[in-house]
Amino acid sequence: MRSLRTGLSLASLVTGLALLLAAPAAHAADTPLRDLAAAKGKVIGTAVTGSKLTGAYGDIAGAQFSSLTPGNAMKWGTVEPAQGTFDWTEADQIVAFAQAHNQQVRGHTLVWHNQNPSWLTNGSWTPAQLSGLLQNHISTEVGRYKGKIASWDVVNEPFNEDGTYRPTLWYDGLGADYIANALTWAHAADPAAKLYINDYNVEGVNAKSTALYNLVKSLKARGVPIDGVGLQAHLILGQVPSTLQQNIQRFADLGVDVAITELDIRMALPADSAKLAQQKADFTSVVAACVAVTRCVNVTVWGFTDSDSWVPGTFPGYGAATPYDENYAPKPAYYGISGALGGTTPTPPPPAGACQAAYSVTSQWNTGFTGQVTISCSGASLSSWKANWTFGAGQQITQAWNATCTQSGTVVSCANASYNGSVPDGGSVTFGFNGSWSGSNPVPVVTLG
Ligand code: G3I
């Protein structure tokens with residue numbers, strides 16, 4: 001009896017061990033970034049593209065982040081491509097998505113020297129006309145979204161690297177007071193919105209950030225409505241400024257909020273594990289610097305997935321700058337953010353002696369494809385299995401064999417058939433399926449559970 005009981009518990013221990021080894025890294029069970037941030041009194045955001053807010057992209061944007069910034073949808077060139085002709089489609093879509101997911105919106109951006117419509121940049125305007133156009137633009141856009149936008153990047157990138165004003169349509173035509181006027185007009189259109197000046201290369205203490213500091217100080221002294229500064233933080237691997245926290249603190253001490261508004265950390269491609277580990281450390285230190293200063297209210301990444309980042313297009317040979325890879329799998333950088341927000345380090349991936357699943361597309365045609373998953377064990381075994389994944393581009397399973405597959409939204413779960421649940425040590429089992437796809441058919445990460 002005794003030996004039977006011992007035998008039984010040993011057997012279940014071995015089965016349990018095999019299941020444990022087969023367990024995925026379990027990021028689905030991790031606390032979402034937005035909940036971790038909320039517990040620290042912070043908001044965590046991402047820039048988004050409106051047309052992508054479905055499938056896995058929409059699921060992650062909605063679940064992980066408490067703030068959205070339209071990457072391009074609210075820029076002047078997008079919303080008023082011809083004078084007097086407005087297109088709010090993408091901006092409205094993002095605002096509606098944010099409301100449905102209980103998220104803030106950072107409006108971006110009202111006054112900039114880039115992405116303006118050609119009718120504006122090619123026109124020849126008197127200062128009075130230019131000022132009228134700007135006031136009208138701000139009143140129209142801020143007024144349209146009154147009560148729906150938590151913060152506006154009112155003025156974007158007003159400084160040169162040496163701290164002088166950047167010569168732009170606005171500075172050249174209206175002088176430095178275009179900044180104070182823009183803030184005043186935005187405040188009149190939505191008194192509750194927090195109004196920011198946003199710039200890049202102002203993360204550390206330097207000539208440019210000091211010019212921004214002096215501007216904010218003088219605007220406050222004049223009673224101009226300025227609520228915050230945005231530090232964009234388009235950073236390079238291993239180059240987080242050592243004075244970041246000190247710089248955030250000096251702005252906070254002026255009596256304004258601070259937001260990290262466009263965080264990404266680019267690396268020379270290809271990425272490797274050492275670079276990804278450095279990137280995790282860099283994301284950790286940026287988020288930790290914000291967490292350390294009470295008035296640092298928001299950290300926003302400029303796109304959460306490497307498939308939706310501006311970096312490769314602008315810096316050829318560089319990329320991998322965001323916390324999720326191109327297939328929407330969280331990278332070490334993601335865990336850098338979650339760790340700095342107080343999250344626990346996830347279960348490490350199973351060691352070499354374990355069971356693993358490999359997904360491949362065996363054939364593909366215009367609207368369909370055949371895929372297969374092979375589950376193989378080495379140093380472990382399984383008596384039953386379930387293979388789980390999330391499709392990243394709207395793929396849909398239509399038929400499966402050698403497994404029972406169910407799909408709910410983007411999430412697929414395939415369980416063994418009655419005859420192939422057992423995968424011995426050193427053995428493998430393969431099942432197959434047909435699916436539909438359009439646009440792209442990226443390979444998902446399969447986990448066993
Ligand atoms: O929409 C057109 C599309 O119709 C066309 O086929 C395609 C061909 O090039 O271009 C598309 O427009 C692109 C647009 O992004 C939307 O994808 C523009 O070429 C491209 O220049 C534009 O880049 C944007 C960039 O600002 C412009 O300066 C990036 O997406 C956007 O992420 C980036 O964001 C800025 C912030 O607003 C301010 N701080 C810096 C940051 C990075 O540059």
Side-chain angles (χ1 to χ4, degrees), residues 45-53 57 61 65 67-82 85-91 93-94 105-121 137-138 141 149 151-161 166 168-171 179 182 195-203 208-209 212 228-237 239 258-267 286 298-324 326 439-440:
T46 180
V48 290
T49 302
S51 59
K52 298 184 180 172
L53 284 170
Y57 184 100
F65 299 95
S67 174
L68 300 183
T69 303
N72 289 295
M74 288 187 172
K75 292 169 180 175
W76 199 332
T78 305
V79 301
E80 196 182 6
T85 302
F86 295 91
D87 183 355
W88 305 105
T89 316
E90 191 191 350
Q93 181 189 1
I94 293 170
V105 178
R106 287 192 65 85
H108 175 85
T109 174
L110 297 167
V111 193
W112 196 23
H113 57 277
N114 272 337
Q115 290 179 284
N116 287 317
S118 52
W119 64 264
L120 175 67
T121 50
H137 168 66
I138 291 172
E141 181 151 3
I149 303 281
S151 314
W152 272 105
D153 290 333
V154 176
V155 178
N156 200 34
E157 304 174 0
F159 289 109
N160 292 316
E161 298 305 290
R166 183 193 289 268
T168 67
L169 174 68
W170 309 114
Y171 181 76
I179 296 173
L195 305 182
Y196 280 66
I197 302 174
N198 188 48
D199 215 326
Y200 63 89
N201 288 351
V202 293
E203 294 75 30
K208 194 174 183 180
S209 65
L212 178 59
V229 295
L231 315 180
Q232 290 186 6
H234 294 294
L235 301 175
I236 298 169
L237 191 71
Q239 296 184 28
V258 179
I260 308 290
T261 51
E262 303 183 16
L263 177 60
D264 51 27
I265 301 178
R266 61 186 180 267
M267 62 182 71
V286 173
N298 180 315
V299 177
T300 287
V301 293
W302 203 243
F304 63 84
T305 158
D306 291 340
S307 67
D308 186 40
S309 168
W310 69 298
V311 168
T314 304
F315 300 99
Y318 282 78
T322 78
Y324 285 80
E326 303 206 339
S440 67

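Just follow the structure's listing: the first ligand is 1, and inside any ligand the first atom is 1. Note that the structure is predicted; figures quoted are calculated from it, not measured.
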Are the side chains of Trp310 and Phe315 in touch, meaning some heavy atoms are under 4.5 Å apart? yes
Selection residues 68-78 - residue pairs positive for side-chain hydrogen bond (donor to acceptor under 3.5 Å, both in side chains), sequence neighbours left out: Asn72-Lys75, Asn72-Gln115, Lys75-Gln115, Trp76-Glu80
Counting heavy atoms only, which of Glu157, His108, His113 is nearest atom 36 (C) of ligand 1? His108
Is there any N or O on Asn72 that sits under 3.5 Å from an N or O of ligand 1? yes
Is there a protein heavy atom at a distance of less than 4.0 Å from atom 26 (O) of ligand 1? yes
Measure the distance from atom 34 (O) of ligand 1 to every protein heavy atom, then report the residue, atom name and distance (to 0.1 Å) of the closest one. Trp302 NE1, 3.3 Å
Quick one: do the Asn114 and Glu157 side chains pair a donor with an acceptor below 3.5 Å? no
If we count only non-hydrogen protein atoms and require a distance under 4.0 Å, does atom 43 (O) of ligand 1 qualify as touching the protein? yes
Can you check atom 7 (C) of ligand 1: any protein non-hydrogen atom closer than 4.0 Å? no
Would you confirm whether any non-hydrogen atom of the protein falls under 4.0 Å from atom 3 (C) of ligand 1? no
Side chains of Thr109 and Met74, heavy atoms from C-beta outward: is any pair under 4.5 Å? no
Checking heavy-atom distances from atom 35 (C) of ligand 1 to each of Lys75, Gln232, Gln115, the winner is Lys75
Pull out every atom of ligand 1 sitting under 4.0 Å from any heavy atom of Asn156, numbered as shown with elements. 38 (C)
Between Trp170 and Asn116, is any pair of side-chain heavy atoms under 4.5 Å apart? yes
Per-atom contact, atom 18 (C) of ligand 1, protein heavy atoms, under 4.0 angstrom: no
Nearest-neighbour protein heavy atom for atom 40 (C) of ligand 1, which is reported as residue plus atom name and distance: Glu262 OE1, 3.3 Å
What distance separates Tyr318 OH from Ile236 CD1, expressed to the nearest 0.5 Å? 7.0 Å
How does Trp112 reach ligand 1, if at all, at less than 4.0 Å between non-hydrogen atoms: by side chain, backbone, both, or neither? side chain
Side-chain contact test, heavy atoms from C-beta onward, threshold under 4.5 Å: evaluate it for Val48 versus Leu53 and give yes or no. yes
Decide yes or no for Phe159 and Asn201: does some side-chain heavy atom of the first lie under 4.5 Å from some side-chain heavy atom of the second? no
For Asp153, give me all partners under salt bridge (Lys or Arg N to Asp or Glu O under 4.0 Å), at least two apart in sequence or on another chain. Arg106
Please check if a non-hydrogen protein atom sits closer than 4.0 Å to atom 31 (C) of ligand 1. yes
Mind checking the OG1-CG spacing from Thr46 to Asp264? Nearest 0.5 Å is all I need. 10.0 Å
As a test of the contact definition, would atom 38 (C) of ligand 1 count as having a protein heavy-atom neighbour under 4.0 Å? yes
Strictly inside 4.0 angstrom of atom 21 (O) of ligand 1, do you find any protein heavy atom? no
